[in-house]
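To start, the structure itself, in structure tokens.
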Amino acid sequence: MSEFSLYLLQQLINGLTIGSTYALIAIGYTMVYGIIGMINFAHGEIYMIGSYITFIVIAGLMSMGIVSLPIILIIALVVAMFMASTYGWAVERVAYRPLRGTNRLIPLISAIGMSIFLQNAVGISQGFRDVALPPMVTGGWALGNPADFEVTISYMQVIIFAVTFVTMTLLTLFISKSRMGRACRACAEDLGMTNLLGINTNKVIALTFIIGAALAAIAGLLLGLYYGVVNPFVGFIAGLKAFTAAVLGGIGSIPGAVLGGLILGVTEAMTAAFFPSEYKDVVAFGLLITILLFRPSGLLGKPEIEKV
Amino acid sequence: MSQLLLDVNGLTMRFGGLVAVNGVNLKVKNRQIVSVIGPNGAGKTTVFNCLSGFYIPTEGSVMLKNKQIAGLKDYQISRKGLVRTFQHVRLFQKMTVIENMLVAQHRHLNTNLISGLFKTPNYRRLEQEAMDHAVHWLKEVDLLEFANREAGNLSYGQQRRLEIARCMVTQPELLMLDEPAAGLNPNETKQLDELIIKLRDEHEISILLIEHDMSLVMGISDHIYVIAQGTPLANGTADEIKNNPDVIKAYLGEE
């Protein structure tokens, strides 16, 4: 293969890595929107909190003298998912549920307020500056001839792919097969009717926030380790990107969120391959606007059918 | 002696200055088909909305099996055995027929997340029971062959029957049907007619019906209430209603 195509392959791999983490976060937006028609703007902050908890747990375990990498990562993952889910649940309970049934704009404002609140609460307790972690997962595979261009897949990237794939598979099984998943789909179609059939829809809504937060925490762990750095504001831009991914794929659709995330990640990486990397956001959001102009419901979203 | 299942007294619903329903009384006994008729805009659906907990009535009492249910939330009322359908079909269109039937039994599957995660024997048994129950009712409404089809792809008459079947798996004692025959062809109306009678005679539940199709109402109702402009106008058996001059006046206007 030529040097150029190897370079493209490298960018594709990098793009899919970032894209799959966008997809993990985007699912939280899309599930909540699918059920209560609300954009949870504090979702990016849950991702940021997941990153912080990962860093704290890793630092804690290392100071206790635990050196086994798999053990550290698994404990960090479990703790981050649990803590972030608690945050996700609490945010819904405190800031959104009391406002349900009011004008749509009101929970949206509440969500923006929650987002700023969480950014600053974490900033005050953990400091507003970057917190760095030494690389935990190092090394990787190199393909191609070292003399001209080498395509590398780092072990961290492999972990990101593997964890994302397993998570998505489990989520799909949960939604399509389990009893609660069935209730989630019913709520997404007709919340009022689901309620009328005697299902406690508040529980189902709380569950979607918990699942979304747990997935965001997984993304927080993966991207935190990938970049090795976190600050209280990383949730803002990651949340915006994931929201874009959800809209791009068709908000309300879980496969759409995954597709949107991957497309966005690859687009960014490919743009960075040819232009100065500052252009990647310009192209990514330009793509979003273009797709929405021609397909307002997103790639996999179904067009709203007028109810008679 | 059949017992009183639903006893509504002086039901009144005001929206600001508008009195939509004014002093309506209704009685439904066990194993009875009772119809509510009236010209368009008479307040029939508002009565249903008050009974099923969509609205909290301004005044009046709603007793289900001698217990006050006025003011309870819609899901609490449905859990007490009073279940309704709507004028327009409200199925989960993107889910399959069998899934629609299983969702309706969600709360009867009293299991927790852990047992669901590990598929304990108890969880499997409950799932199997729900499945058997769903299959039983799909057979009753003649939809078993469509079990794995998306509900939205069924014909309109089939969707209506699926809606009734979905209500029935929640094990109601009183089923409220809001214009179930609207939009059905004569053949489908006849099937519906037979189904409603079967629900009363074989499954021993009561049915409260709003309907415009007079031949359906007159043919199957044990008792009929007439409402006009939110106010009760008359009640009695089909023959009494047919010959009541007030009713004829309300429908056809004065001579």
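First the proteins, then the strands, lettered A, B, ... as listed; each starts at 1.
In this structure, B:R160 pairs ionically with B:E163, as a charged nitrogen and a carboxylate oxygen lie closer than 4.0 Å. Electrostatic pairing of A:R185 and B:E99 counts as a salt bridge here, judged by a charged N lying under 4.0 Å from a carboxylate O.
Both the backbone and the side chain of B:Q93 come within less than 4.5 Å of a heavy atom in chain A. Heavy-atom distances place no part of B:I77 under 4.5 Å from chain A, backbone and side chain included. For B:R90, the parts lying near chain A are the backbone and the side chain together; criterion is any non-hydrogen pair under 4.5 Å. The contact between B:V103 and chain A is made by backbone and side chain atoms together, counting heavy-atom distances below 4.5 Å. Neither the backbone nor the side chain of A:T201 comes within contact range of chain B, judged by heavy atoms closer than 4.5 Å.
Cation-pi geometry between A:R182 and B:F92 is not met: the NZ or CZ atom fails to fall both under 6.0 Å from the ring centre and inside 45° of the normal.
Most heavy-atom pairs under 4.5 Å with chain A, from the set B:K94, B:R84, B:Q76: that is B:K94.
The distance between the ring centers of B:F48 and B:F86 does not fall below 6.0 angstrom.
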Start with the C-alpha distance between B:E179 and B:K44, add both sets of side-chain angles, then the distance that settles salt bridge (Lys or Arg N to Asp or Glu O under 4.0 Å), and finish with yes or no. CA-CA 10 Å; B:E179 298 197 20; B:K44 305 182 295 288; 5.1 Å; no
